[in-house]
Peer 1: 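Submitted below is the structure of interest, expressed as structure tokens.
A note on names: the letters A, B, ... follow the listed sequences, proteins ahead of strands, and every chain is numbered from 1.
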Protein chains: 2
Amino acid sequence: MFVSTYESAIDAKGRVSIPAPFRAELGGSSRIFLWQALDGSGCLEGGGEALMAMYRATLTRLAPQSDVRKVLVNRIIAGSADLKMDETGRIKLPEDLCKAAELEGRIKFAGNMDSFQIWNPDKHAAYNASMEAAAASPDVMAAFGRAYSEVLHQQGAGHYNGPKLVEGGES
Amino acid sequence: MFVSTYESAIDAKGRVSIPAPFRAELGGSSRIFLWQALDGSGCLEGGGEALMAMYRATLTRLAPQSDVRKVLVNRIIAGSADLKMDETGRIKLPEDLCKAAELEGRIKFAGNMDSFQIWNPDKHAAYNASMEAAAASPDVMAAFGRAYSEVLHQQGAGHYNGPKLVEGGES
DNA sequence: TAGCTGCCCATGATATTCCAAATTTACACA
DNA sequence: TGTGTAAATTTGGAATATCATGGGCAGCTA
């Protein structure tokens, strides 16, 4: 799983070091896919061969001529850069993606579970601030608590086994 | 389960010993995740691989582009530090997290069931005081009582099956 | 030929590992 | 109940390995 956030720099040749923990997550493969995030946040999203295999399987399940499939194939498959890390774990970021995500100088790699994101540091800081504000919402923690207790229930972990939280059980 | 509270110190290199009882709770794994608590209390929250696996399963259940999921992924996945204990059970606390939680010199580890917390001692004392005040509220014990009896019922225990409790019979 | 690309090595900074001493805790015995 | 011994844990510091980064060189392309 891609976890945590790391800062890195684009050197004079346009090269970027992939953080070592993320490299380890790629399972020895040196192939990296990069595309523009679909959520409009302006960052890039990336992953390795394992992620792309998952996406392929997912897209194959969608009806061939459906809009959903066409959109996702266009954005993720056609829109991806297919890059190869060098011996020291660096890739060369394509110009068009850099431009789209306003990447220049220093950048941030943020873990996103099965994929990772590449951010302009200023944009990332702004995004973090908006997320921090949203985290204060009771709804967010309530939704998390519900989902978490469902997972516990499913796994029979011997913790809380009930279908719902009792009033007063959440803060 | 992470239980009880322990005090520890940050050494000159920013290293901290994880209390031995908490290490035992990590099940032999030396990987530790740390992030800023979502409740705004200002402490750090942490756990091992088991907890992170639970969180991953939880987040995967939430709708991919929902605000709830984005907030939690940002705070817990991207926002956590991915640390490794050394042979003697120490981790190096990242500077940014120390700063965010105002950690310096001595710190407190507090058990939180599936996770643990790391506190600035002064803040922890203030938090304890506020909890003590809130514990006086009849609503708190009432809510606990309701939840507890539901659990008893769910687990097939029906109700209390042990020796009959006499009013005032416990010391 | 000029520019781009991939490949390689060098280096400083950082993080990790290892070793050893000091302190605390647990336990057995008187 | 107090004391001594052993074990475990917490510390401090140094050696080692890893990583991010800069630059050189050759080959390919335009």
Peer 1: Describe the nucleic acid contact of A:Lys92 in one word from base, sugar-phosphate, nothing, applying a heavy-atom distance below 4.0 Å.
Peer 2: sugar-phosphate
Peer 1: Determine the contact category for A:Asp11: base if any of its heavy atoms lies under 4.0 Å from a base atom, sugar-phosphate if only primed atoms, P, OP1 or OP2 are that close, otherwise nothing.
Peer 2: sugar-phosphate
Peer 1: Under 4.0 Å, counting only non-hydrogen atoms across every strand here, what does B:Leu83 touch: a base, just sugar-phosphate, or nothing?
Peer 2: nothing
Peer 1: What's the CD-C1' distance between B:Glu87 and C:dC18, to the nearest Å?
Peer 2: 8 Å
Peer 1: Tell me which nucleotide among D:dA20, C:dC19, D:dT9 gets nearest to the side chain of A:Ala20.
Peer 2: D:dA20
Peer 1: Over all strands shown, is B:Ile91 touching base, sugar-phosphate only, or nothing at heavy-atom distances under 4.0 angstrom?
Peer 2: nothing
Peer 1: Rounding to an integer number of Å, can you tell me how far B:Phe109 CZ sits from D:dT10 C1'?
Peer 2: 12 Å
Peer 1: Quick one, A:Val73 and A:Leu62 - any side-chain contact, counting heavy atoms below 4.5 Å?
Peer 2: no
Peer 1: Rounded to whole Å, please give me the gap between CD1 in A:Ile18 and P in D:dT21.
Peer 2: 11 Å
Peer 1: Take the angle between the ring planes of A:Tyr148 and B:Tyr55 and call it parallel below 30°, perpendicular above 60°, tilted in between.
Peer 2: perpendicular
Peer 1: Rounded to whole angstroms, how far apart are CE on B:Met85 and C1' on D:dT9?
Peer 2: 13 Å
Peer 1: Separation of B:Asp82 atom CG from D:dC19 atom P, in whole Å?
Peer 2: 13 Å
Peer 1: Less than 6.0 Å separating the ring centroids of B:Phe109 and B:Tyr6?
Peer 2: no
Peer 1: Roughly how many Å is it from CG in B:Leu93 to P in C:dT16, rounded to a whole number?
Peer 2: 12 Å
Peer 1: Taking OP1 and OP2 of C:dT17, is either one under 4.0 Å from a side-chain nitrogen or oxygen of B:Lys84?
Peer 2: yes
Peer 1: Does a distance-only test, which skips hydrogens and angles, find a donor-acceptor pair under 3.5 Å between the side chain of A:Lys13 and the base of D:dG24?
Peer 2: yes
Peer 1: A:Arg23 side chain N/O closer than 4.0 Å to the phosphate oxygens (OP1, OP2) of D:dA20?
Peer 2: yes
Peer 1: Can you measure B:Asp86 atom CG to D:dT10 atom P for me and round it to whole angstrom units?
Peer 2: 12 Å
Peer 1: Can you check whether any acceptor in the base of C:dG6 is under 3.5 Å from a donor in the side chain of A:Arg15, or vice versa?
Peer 2: no
Peer 1: Is there a chain of hydrophobic side chains (I, L, V, M, F, W, Y, each step under 4.5 Å between heavy atoms) that links A:Met1 to A:Met54?
Peer 2: no
Peer 1: Would you say D:dT21 has OP1 or OP2 under 4.0 Å from some side-chain N or O of A:Ser8?
Peer 2: yes
Peer 1: Indicate, yes or no, whether a donor-acceptor pair under 3.5 Å links the base of C:dG6 to the side chain of A:Arg90.
Peer 2: no
Peer 1: Just checking A:Ala9: base, sugar-phosphate only, or nothing, at a heavy-atom cut-off of under 4.0 Å?
Peer 2: sugar-phosphate
Peer 1: Which word best sums up how the rings of B:Phe22 and B:Phe2 line up, parallel for under 30°, tilted for 30 to 60°, or perpendicular for over 60°?
Peer 2: perpendicular
